[in-house]
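Residue numbers start at 1 and run along the sequence shown.
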Amino acid sequence: MDAVRVALLREVLAGTEWLQSTRRFAGSLRASIGSREGGLLLVGSEEYEPWHLAAHLDDEAAWSGLPELSPTLVRHRVPAGPAVPAHLAVGLGRLEAAGRGETLLVVAPGDPGAGLLERVHDARRGGATVLALDGGDAELHALAHDALSAPEGADLDLDTVQHLVSAAAGENTLPPRPGRRRIRDRLARLADQLTSPPPPGW
């Protein structure tokens, strides 16, 4: 889903709780990863690998100038052989090493499975921040610091929620980090000034 489609979707969803919820969750994601590059781990259930979200977050990282948004996709099954690129060769063992300063984003439309829940629990105990995008699993919610659900039968499916979250995570509406401002921040500020109503008395 490109930026134009996301904008149209946001227009359709204006006035619903989904926009506020996805932006809130994206804010939690941005706050948890801070400015640490490589600290975002993304994992799905055994049946669902969130490669699509990984690609969108990677795009948002490039477009927004926030390399820390680029996730490491943790996979249940890593193909064997030297031909597998390094970024596609990260297995579940990586979750055992997750700790303070890292964020684990779990995406599971259905049952995450006992094995994954155990690893997520270990990562949280090790100090990692756990976030969840899911279908409403109570056990996963109990482990997560923040969660957003799109249960079956909801107005939006989990794929659409992932698009909204990834787009919101790359926005510059969150408080800027200290230091030099990026060109996109300056352009956004200029656009806000140009489109805002004139001051009283004009």
If the condition is side-chain hydrogen bond (donor to acceptor under 3.5 Å, both in side chains), which residues does Glu96 pass it with, not counting sequence neighbours? Arg119

Could you list the donor-acceptor pairs under 3.5 angstrom formed by side chains in residues 101-111, with sequence neighbours left out?
| residue | atom | partner | partner atom | Å |
| --- | --- | --- | --- | --- |
| Glu102 | OE1 | Gly99 | N | 2.9 |
| Glu102 | OE2 | Arg94 | NH2 | 2.3 |
| Thr103 | OG1 | Ser32 | O | 3.3 |
| Thr103 | OG1 | Ser32 | OG | 3.0 |
| Asp111 | OD1 | Gly113 | N | 3.0 |

Name every donor-acceptor pair, under 3.5 Å, that has one atom in a side chain of residues 121-130 and the other anywhere in the protein, sequence neighbours excluded.
| residue | atom | partner | partner atom | Å |
| --- | --- | --- | --- | --- |
| Asp122 | OD1 | Arg125 | NH2 | 3.0 |
| Arg124 | NH1 | Leu143 | O | 2.7 |

Enumerate, atom names and distances included, each donor-acceptor pair closer than 3.5 Å involving a side-chain atom of residues 147-156, sequence neighbours excluded.
| residue | atom | partner | partner atom | Å |
| --- | --- | --- | --- | --- |
| Ser149 | OG | Asp134 | OD1 | 2.7 |
| Ser149 | OG | His141 | NE2 | 2.8 |

Going by the salt bridge (Lys or Arg N to Asp or Glu O under 4.0 Å) test, which pairs reach into residues 83-93, not counting sequence neighbours? none

Measuring only between side-chain heavy atoms, which start at C-beta, is Ser166 closer than 4.5 Å to Leu53? yes

Tell me whether Arg23 contacts the main-chain N or O of Ala169 through its side chain, where contact means a donor paired with an acceptor under 3.5 Å. no

Indicate yes or no: at least one non-hydrogen side-chain atom of Glu68 is less than 4.5 angstrom from one of Arg30. no

CG of Leu69 to CG of Asp58: how many Å apart, nearest 0.5 Å? 9.5 Å

Would Val165 and Tyr48 show up in the same hydrophobic cluster when neighbours are defined by side-chain heavy atoms closer than 4.5 Å? yes

Taking Ile33 as the starting point, is it possible to reach Leu42 by hopping between hydrophobic residues whose side chains are less than 4.5 Å apart? yes

Restricting to pairs with a member in residues 40-57, which pass salt bridge (Lys or Arg N to Asp or Glu O under 4.0 Å), not counting sequence neighbours? Glu46-Arg77, Glu49-Arg75

In the structure I gave you, are the side-chain heavy atoms of Phe25 and Leu133 within less than 4.5 Å of one another anywhere? yes

Hydrophobic cluster membership, with links at side-chain heavy-atom distances under 4.5 Å among I/L/V/M/F/W/Y: are Leu164 and Trp51 in one? yes

Rounded to the nearest 0.5 Å, how far apart are CG of Leu57 and CD of Gln162? 9.0 Å

Report the residues that fulfil side chain to side chain contact (heavy atoms under 4.5 Å, CB included) with Asp59, sequence neighbours left out, ordered by chain and then residue number. Trp63

Closest non-hydrogen atom pair, Ala26 against Ala168: CB-CB, 3.6 Å

Suppose clustering is done on Ile, Leu, Val, Met, Phe, Trp and Tyr with side-chain heavy atoms closer than 4.5 Å. Which residues sit in the same group as Val78? none

Would you say Ser70's side chain and Pro67's backbone share a donor-acceptor pair under 3.5 angstrom? no

Tell me whether Leu116 shares a hydrophobic cluster with Leu73, the cluster being built from Ile, Leu, Val, Met, Phe, Trp, Tyr side chains joined at under 4.5 Å. no

Same cluster or not: Leu95 versus Leu140, using hydrophobic residues (I, L, V, M, F, W, Y) connected whenever any side-chain heavy atoms lie under 4.5 Å apart? yes

From Leu40 CG over to Leu66 CG, what is the distance, rounded to the nearest 0.5 angstrom? 12.0 Å

